[in-house]
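Taking it in order: structure first as structure tokens, then the write-up.
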2 protein chains.
Amino acid sequence: MPANERLGLDIRRAEQELMAAKRAAVEPAGLTVPQYATLHVLAENAGISGAALARACQVTPQAMAVVLKNLTDRGLVERAPHPWHGNVLETRLTPAGHTALTLADARACAIEHAIAEELTEAERTQLRELLARCNHAVRRAAQAQAEA
Amino acid sequence: MPANERLGLDIRRAEQELMAAKRAAVEPAGLTVPQYATLHVLAENAGISGAALARACQVTPQAMAVVLKNLTDRGLVERAPHPWHGNVLETRLTPAGHTALTLADARACAIEHAIAEELTEAERTQLRELLARCNHAVRRAAQAQAEA
DNA sequence: GGATCATCATCAAAGCATTGATGACTGTCA
DNA sequence: TGACAGTCATCAATGCTTTGATGATGATCC
């Protein structure tokens, strides 16, 4: 199968380009992309648990634990035991975390804004739909292989 | 900016889904996705240098060095100094590497095949074009930020 | 010939991500 | 009350990726 026919490569390339741009965008705020994503979810869900945060960011709880450790060490978030639900650690933004998020968000949104402006409303919808169908096909193929 | 309007998330999600499926696909061959990609390029470019390999796979030379180290340690590739061009290490597939690649390639192609089949020819072209335009917009926005 | 430039390999540090396994806790159901 | 299932946090091992810095080598130009 020739490489230039593989649609996966186009998707991969787009994502890499996007990640590189976002990395550069949030770097002045002293954040990485996963850290920015975590703070973003946290801003709208104060006191959420680490596991729930991981689900929201679509990573494993272990990966989120590493991100949270780095954020905690640098004082951007704080974690405290849940009042009556023993095993859970509530996570919250600190003022410093809120500041960093605000800084990063402006530049990150500029990137998203650029994408949105490049495409018409109809094109945006279509891109979403095409990607969703790719997802569906991929998931189906993966499951077929898992069963074989 | 609401999260559900960010097209970047759709692209990101599609890529993650794809990566997860490919990871599962090449895992029975004892490979990771970057390792598979490296072997794939290597199969058609015997004796290529590590830096050139990195460019072909769109990663940094350092990242490629790690991948090559793991592949070399497991005997899937071998590296030897270039005959007359001193500083270059020629990299080649070993028979074991070729076997692993063949195994992984069948399953990886099945994933790509599933994507290609889900979409019509026109849709594939359109998806490519939309992604390319996203790339363009992202690159432009990133450059604008870099200059600011 | 010798300075300069581009390319290549590599060391180091930091961060993100995966799988697998373990222990602790809550709530439910018998 | 006691067993069970589900959720949560965490340790450990691997592997990929990035930036930054360093040294070696070959080719080009003066």
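- Of the side-chain N and O atoms in B:R74, none sit less than 4.0 angstrom from OP1 or OP2 of D:dT14.
- Base contact: A:T60 has a heavy atom under 4.0 Å from a base atom.
- Atom CG in B:D73 sits about 9 Å away from atom P in D:dG15, given to the nearest Å.
- Applying the salt bridge (Lys or Arg N to Asp or Glu O under 4.0 Å) rule to pairs touching residues 80-98 of chain B yields B:E90-B:R92, sequence neighbours excluded.
- Heavy-atom nearest nucleotides on DNA chain D were determined for A:S49 and for B:V66, and the one closer to the 5' end corresponds to A:S49.
- The base of C:dC25 has none of its N or O atoms less than 3.5 Å from a complementary donor or acceptor on the side chain of A:N87.
- Ionic pairing of A:E15 and A:R12 is not present here: no N-O contact between side-chain nitrogen and carboxylate oxygen is shorter than 4.0 angstrom.
- Taking only side-chain atoms of A:Q35, from C-beta outward, the nucleotide of C:dT10, C:dC16, D:dC16 with the closest atom is C:dC16.
- For the segment residues 11-25 of chain B, the set of residues with a heavy atom within less than 4.0 Å of an atom of DNA chain C comprises B:R12, B:R23, in numerical order.
- As rounded to whole Å, 11 Å separates atom C1' of D:dG6 from atom CZ of A:R55.
- When distances run from any side-chain atom of A:Q62 to the nucleotides C:dT18, C:dC16, D:dG20, the shortest one goes to C:dT18.
- Within 6.0 Å of atom CD in A:Q143, 12 or fewer heavy atoms from other residues, nucleotides or ligands are found, so the atom counts as exposed in its surroundings.
- Rounded to a whole Å, the CG atom of A:L68 is 9 Å from the P atom of D:dT10.
- One interatomic measurement links the two molecules: CE of B:M64 to P of C:dC11, which rounds to 17 Å at whole-angstrom precision.
- With D:dT17, C:dC16, C:dA9 as the choices, the nucleotide that has an atom nearest any side-chain atom of B:A51 turns out to be C:dA9.
- Listed nucleotides: C:dT18, D:dA9, D:dT18. Nearest to the side chain of B:V59: D:dT18.
- In this structure, A:Q58 atom CD and C:dT18 atom P are separated by 10 Å, rounded to whole Å.
- Across D:dG15, D:dT18, C:dT19, the shortest atom-to-atom separation from the side chain of B:A63 is found for D:dT18.
- Enclosure of atom CD in B:Q58 by more than 12 non-hydrogen atoms of other residues, nucleotides or ligands within 6.0 angstrom is indicated.
- A 6.0 Å sphere centred on CZ of A:R13 holds no more than 12 heavy atoms belonging to other residues, nucleotides or ligands.
- Rounded to whole Å, the distance from CG on B:N70 to C1' on D:dT17 is 13 Å.
- A close approach under 4.0 Å does occur between a side-chain nitrogen or oxygen of B:T32 and OP1 or OP2 of D:dC16.
- Classification of B:R6 and A:D105 as a salt-bridged pair holds, one side-chain N sitting under 4.0 Å from a carboxylate O.
- No contact: A:A65 has no heavy atom under 4.0 Å from any strand.
- A salt bridge between B:E27 and B:R23 is absent, with no side-chain N of the basic residue lying under 4.0 Å from a carboxylate O of the acidic one.
- Summarising the local packing, NE2 of B:H136 is surrounded by 12 or fewer heavy atoms from other residues, nucleotides or ligands at distances under 6.0 Å.
- What separates CD of B:E27 from P of C:dT19 is a distance of 10 Å, to the nearest Å.
- Of the two residues contacting DNA chain D, namely A:P61 and B:W84, the nearest-nucleotide position lying further toward the 5' end is that of A:P61.
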